[in-house]
Every structure is written in C-alpha cells, then in structure tokens.
Amino acid sequence: MKNRANEIDFREVVNSWYLQNKRDLPWRRSSDPYRIWLSEIILQQTRIDQGLPYYLRFIKTFPTVFDLAEASEQQVLKLWQGLGYYSRARNLHYTAKEVAYEMEGIFPKSFSELKKLKGVGEYTASAIASICYGEAVAVVDGNVYRVLSRYFGVDTPINATEGIRYFKELATRVLDLEHPGDYNQAIMEFGAMQCKPQLPLCASCGLQISCVAFQLQRVDKLPVKLKKNKIKKRYFNYIVLLDHQHTLLQARTKKDIWQHLYQFPLVESNDNLSLDELTKKEDFLDLISGKSYDIRLFNPKVSVHKLSHQHIYTQFWIVELKEPIPNGIHRKNIREYPVPVLIANFVKDFGL
DNA sequence: AACTCGGGGTT
DNA sequence: AACCCAGAGTT
C-alpha cells in the first residue's frame with residue numbers, strides 16, 4: 001500500500017526540479033496542437049537530440065497541418081529519412097490529411113478523440129490532451145516507467161499487461177491535476193536527465209530519501225523488463241545497376257523493414273555470397289535478363305547494418321551495363337527518393 | 001499477449 | 001554487446 005504523503009512529496013519535488021532544470025525546447029514555446037502532435041510523433045522511441053533537427057525541418061517545410069497534408073507521401077518520407085520507424089511518417093501524413101480535409105484543420109480536443117487518430121496511441125493522446133488542453137491524463141513513456149518503478153519500488157515488468165495497467169494507474173494517482181501538461185513533461189524530463197537508465201544522478205536527487213529503489217540499492221535493477229527476442233541475421237546483396245547516366249531503384253513493398261522506402265534491386269540469401277554464387281541466383285539472372293555486363297564487389301569487407309532486431313550483412317555489387325537500363329532513373333535524381341540509412345551511406349561512399 | 005518496426009547514444 | 005529512447009499497429 002502506497003503512502004499518500006510520499007505521492008504528494010514526489011509530485012512537488014518533480015515539479016520544482018523541472019522549474020530549475022527544464023531544457024528550452026522549441027515545442028515548449030507553443031501550445032499549438034499541430035506542433036505538439038508533430039513533436040510527439042517524431043519523439044516516439046526517439047531521443048530528443050536525434051528528433052530535434054527533424055522537428056525543426058518539418059516545421060520549416062510544413063508550417064501548418066495544411067502544408068503537411070498537401071505534400072506527397074514521398075516528400076514526407078524523404079524528410080523523415082534516417083529517423084526510423086517509417087510507418088510513423090506515413091501515419092503522420094495520413095492524419096494530417098484527415099485533420100486538414102475532414103476536420104477543417106482543427107485537431108480533436110480530448111484524449112478519447114485524439115486517440116482515434118492514426119499513429120496516436122495512449123501516450124501521444126495523453127501528451128497532446130494534457131499539454132494543449134489541460135486535460136488531466138497521465139503520460140506513461142519509458143521515462144515514467146523508470147522513475148515510478150524506482151521511486152515506488154515496483155518490480156512488476158513494465159512490458160506485460162499487468163505492469164502496463166499498474167503503472168498507468170500509479171501515474172494517474174501521482175498526476176498533478178492542476179498542471180497536468182507541465183507535470184507530464186516534468187516527470188519525463190526528470191527521467192531523461194536525472195533518473196537516467198544508466199548512472200542515474202542519485203547523489204544529487206531530491207527524491208533520494210524517499211526513493212524505495214535507492215534505499216534498497218535496487219536502482220540498477222529497476223524497471224524490470226521481460227526478455228527481448230534475439231537478433232536475426234540477414235544477408236543482402238544489392239545490385240547497383242549502372243549505365244551512362246542511370247541506375248535502378250525499387251520500392252520495398254513487402255511487410256518487412258523499410259516498407260515504402262527505395263533500394264537497389266536486392267538479392268537476399270542465407271549467407272554471404274561469392275560472385276559465382278550470386279550470378280547463378282534466379283533473382284540476379286532475372287534482373288540481368290541476358291544482357292552483357294561487368295560486375296565487381298564494392299565492399300570486399302562486408303558491412304553490417306545493425307537494427308534493433310536484425311543485423312544486416314550487406315554486399316554492394318556494381319554491375320555496369322552497356323545498354324540502357326529499362327525503367328532506370330537518372331543518377332542525379334537519386335536524392336529525391338527516400339532510402340534507408342544503409343543505402344544513403346552507400347550512395348555517399350560510392351559517390352553516386 | 002506477443003511481434004514487428006530503425007537508427008543512434010551510452011555504458 | 002546490451003540496453004534504451006517523449007510507442008503504435010498488427011497478428
């Protein structure tokens with residue numbers, strides 16, 4: 001059973017810590033739901049340092065929800081390139097069009113209506129509703145899980161149904177009903193800067209005395225998270241077709257990573273391939289379809305692109321054709337296409 | 001309820 | 001190498 005006095009103490013310490021330590025971030029200078037929504041989508045599973053330049057570019061390119069709605073999906077994905085979790089960008093664009101064309105550019109004004117928007121879940125709906133409209137709904141993100149689990153000494157796993165429900169209730173209990181928007185940002189900022197995942201600043205923490213995890217020396221054990229699945233290895237052979245001025249890009253359409261981004265024609269295999277093995281593959285032969293070509297391996301040292309759940313071993317094969325590439329694109333236009341970082345790095349290194 | 005979706009920062 | 005990040009959608 002939790003101590004009511006501790007909960008009040010917790011709230012006040014967090015609020016006063018925030019007044020002293022909060023960063024001056026651009027979306028904190030506004031309560032425009034478009035800007036708050038945009039910032040929250042960009043920051044899903046993304047550190048502020050990584051998302052901030054994207055936010056600035058999006059606001060500059062698309063000052064209003066109408067500007068974003070009128071853009072092409074490819075333009076939105078291109079601006080999103082490098083941020084990852086690309087379905088966020090597609091949902092962002094979808095919702096911009098919905099708000100612009102079906103809601104007259106006005107965002108919904110309650111948690112429950114906001115949550116109906118594509119790409120807006122529990123967390124994001126709570127954030128927008130509390131920050132923009134003062135609705136008393138608690139956010140629960142990775143920071144909140146960490147701060148609450150440590151301070152109240154809760155070892156229920158945060159990524160299973162029971163823990164998700166428990167921490168939502170706890171977060172709601174300690175929410176500052178007078179200033180929910182500022183308080184929500186305060187507890188997240190506190191988690192990001194003070195109660196950090198590793199090497200938290202307990203020595204200078206105003207909550208140290210009443211922090212259960214600190215008193216029990218369990219800070220480094222909380223929060224508890226159930227095991228992650230292991231990393232899958234994949235082997236990609238990208239076929240970089242070249243004629244005088246062109247190359248070939250293809251969209252990724254399968255339900256897989258990088259859906260709707262572009263790449264060179266891909267031959268995926270179960271292991272690294274030699275030149276002989278590659279040139280016997282059906283996918284490769286279909287692509288070449290009897291044309292004469294010169295081929296060389298761009299990176300004899302296989303590059304490894306590491307994603308959260310996949311390690312992708314990649315070889316780039318440069319294939320020069322004497323005749324024009326069917327459906328090829330001008331090399332100079334390659335920058336118009338949204339591509340994974342793996343491809344962008346190659347384009348840069350190769351000098352395409 | 002478990003899986004999937006990126007890329008980068010911190011130890 | 002392991003863990004995490006202002007999570008959401010799908011199966």
Side-chain angles (χ1 to χ4, degrees), chain A residues 18 22-23 25 27-28 36-55 77 80-92 94-95 114-128 130-131 138-147 157-165 167-168 171 181-193 195-200 220-232 234 252 254-261 304-312 338-345:
Chain A
Y18 185 58
K22 75 173 195 177
R23 288 169 284 185
L25 300 170
W27 48 85
R28 288 190 177 146
I36 302 302
W37 164 71
L38 176 62
S39 73
E40 295 298 346
I41 302 299
I42 287 175
L43 293 175
Q44 286 168 7
Q45 289 293 287
T46 303
R47 291 169 197 280
I48 286 176
D49 289 343
Q50 186 185 5
L52 180 54
Y54 285 84
Y55 173 82
L77 279 169
W80 198 272
Q81 180 179 308
L83 246 196
Y85 287 163
Y86 296 94
S87 65
R88 287 185 294 170
R90 304 204 334 125
N91 290 338
L92 182 83
Y94 179 96
T95 293
L114 284 161
K115 195 171 178 303
K116 294 176 182 173
L117 300 175
K118 193 167 291 188
V120 176
E122 280 277 325
Y123 163 79
T124 304
S126 302
I128 300 171
S130 63
I131 294 170
V139 297
V140 185
D141 74 332
N143 295 304
V144 175
Y145 280 122
R146 185 170 55 256
V147 172
I158 62 172
N159 57 343
T161 306
E162 183 190 354
I164 293 169
R165 186 181 65 244
F167 281 99
K168 177 73 176 186
D182 285 338
Y183 167 82
N184 276 336
Q185 295 185 79
I187 187 173
M188 291 190 285
E189 187 88 324
F190 182 80
M193 299 179 65
C195 196
K196 298 183 295 178
Q198 297 161 293
L199 304 183
D220 61 335
K221 301 289 190 289
L222 295 173
V224 172
K225 202 168 183 177
L226 268 33
K227 66 167 199 308
K228 59 169 180 111
N229 6 341
K230 69 171 201 201
I231 293 172
K232 190 185 315 175
R234 299 177 72 174
R252 286 183 68 89
K254 285 180 289 192
K255 302 186 70 169
D256 194 356
I257 55 172
W258 305 328
Q259 203 177 1
H260 299 105
L261 271 60
V304 188
H305 188 70
K306 296 182 177 180
L307 306 179
S308 295
H309 297 97
Q310 301 183 23
H311 286 185
I312 302 174
V339 298
V341 165
L342 173 62
I343 300 295
N345 287 343

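The chains referred to below are lettered A, B, ... by the order of the sequence lines, with proteins before strands, and numbering in each begins at 1.
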(Q) Can you see whether A/Glu40 engages A/Tyr123 through a side-chain donor-acceptor pair at a distance of less than 3.5 angstrom? (A) yes
Should [X] and [Y] count as side-chain neighbours, where that means a heavy-atom distance under 4.5 Å?
X: A/Phe190; Y: A/Asn143; result: no
X: A/Ser87; Y: A/Gln259; result: no
X: A/Trp258; Y: A/Leu342; result: yes

Q. Hey, which of these two, A/Lys118 or A/Leu25, hits DNA chain C nearer its 5' end, going by closest nucleotide?
A. A/Leu25
**Q.** OP1 or OP2 of C/dC5 under 4.0 Å from side-chain N/O of A/Gln45
**A.** no
Ignoring hydrogens and angles, tell me if any N or O in the side chain of [X] forms a donor-acceptor pair with the backbone of [Y] under 3.5 Å.
X: A/Arg234; Y: A/Gln310; result: no
X: A/Lys168; Y: A/Ala138; result: yes
X: A/Ser130; Y: A/Ala127; result: yes
X: A/Tyr54; Y: A/Gln81; result: yes

Is [X] touching bases, backbone alone, or none of the nucleic acid, heavy atoms closer than 4.0 Å?
X: A/Trp80; result: nothing
X: A/Asn184; result: nothing
X: A/Thr46; result: base
X: A/Val120; result: sugar-phosphate

Q | DNA chain C contacts among residues 36-44 of chain A, heavy-atom distance under 4.0 Å | A | A/Glu40, A/Leu43, A/Gln44
[X] [atom1] - [N] [atom2] separation (whole Å):
X: A/Ile131; N: C/dA6; atom1: CD1; atom2: C1'; answer: 9 Å
X: A/Glu122; N: C/dG7; atom1: CD; atom2: C1'; answer: 11 Å
X: A/Met193; N: C/dA6; atom1: CE; atom2: C1'; answer: 14 Å
X: A/His311; N: C/dA1; atom1: NE2; atom2: P; answer: 7 Å
X: A/Tyr85; N: C/dC5; atom1: OH; atom2: C1'; answer: 9 Å
X: A/Ile158; N: C/dG7; atom1: CD1; atom2: P; answer: 11 Å
X: A/Leu117; N: C/dA8; atom1: CG; atom2: C1'; answer: 13 Å
X: A/Gln259; N: C/dA8; atom1: CD; atom2: C1'; answer: 15 Å

Could you pull out the protein-nucleic contacts involving nucleotides 2-4 of chain C (nitrogen or oxygen on both sides, under 3.5 Å)?
unit_1: C/dC4; atom_1: O2; unit_2: A/Arg47; atom_2: NH2; d: 2.7

Q) Partners of A/Phe167 by ring-ring contact (aromatic ring centres under 6.0 Å, His included), sequence neighbours excluded? A) A/Tyr145
Q.
The criterion is ring-ring contact (aromatic ring centres under 6.0 Å, His included); which residues satisfy it with A/Tyr18, sequence neighbours excluded?
A. none
Q. For A/Arg88, what residues pass the salt bridge (charged side-chain N to carboxylate O under 4.0 Å, His left out) criterion, not counting sequence neighbours?
A. none
(Q) Below 4.0 Å from chain A heavy atoms, what is the first contacting nucleotide of DNA chain B and what is the last? (A) B/dA1 to B/dT11
(Q) Taking the C1' atom in each of B/dG8 and C/dG9, what is the distance between them to the nearest angstrom? (A) 23 Å
Q) For atom C1', what is the distance between B/dG6 and C/dC5, given to the nearest Å? A) 11 Å
Q: Could you tell me whether the side chain of A/Arg28 has a donor or acceptor atom within less than 3.5 Å of a complementary atom in the base of C/dA6?
A: yes
Q | Residue mapping more 5' on DNA chain B - nearest nucleotide basis, A/Leu307 or A/Asn159 | A | A/Asn159
Q.
Need to verify one output field. Residue with the more 5' nearest nucleotide on DNA chain B, A/Pro340 or A/Lys232?
A. A/Lys232
Q: I would like to know whether A/Lys115 and A/Glu122 meet side chain to side chain contact (heavy atoms under 4.5 Å, CB included); could you show each step before the answer?
A: CA-CA 7 Å; A/Lys115 195 171 178 303; A/Glu122 280 277 325; 3.3 Å; yes
Q: Show your reasoning for whether side chain to side chain donor-acceptor pair (under 3.5 Å) applies to A/Thr124 and A/Gln44.
A: CA-CA 8 Å; A/Thr124 304; A/Gln44 286 168 7; 3.0 Å; yes
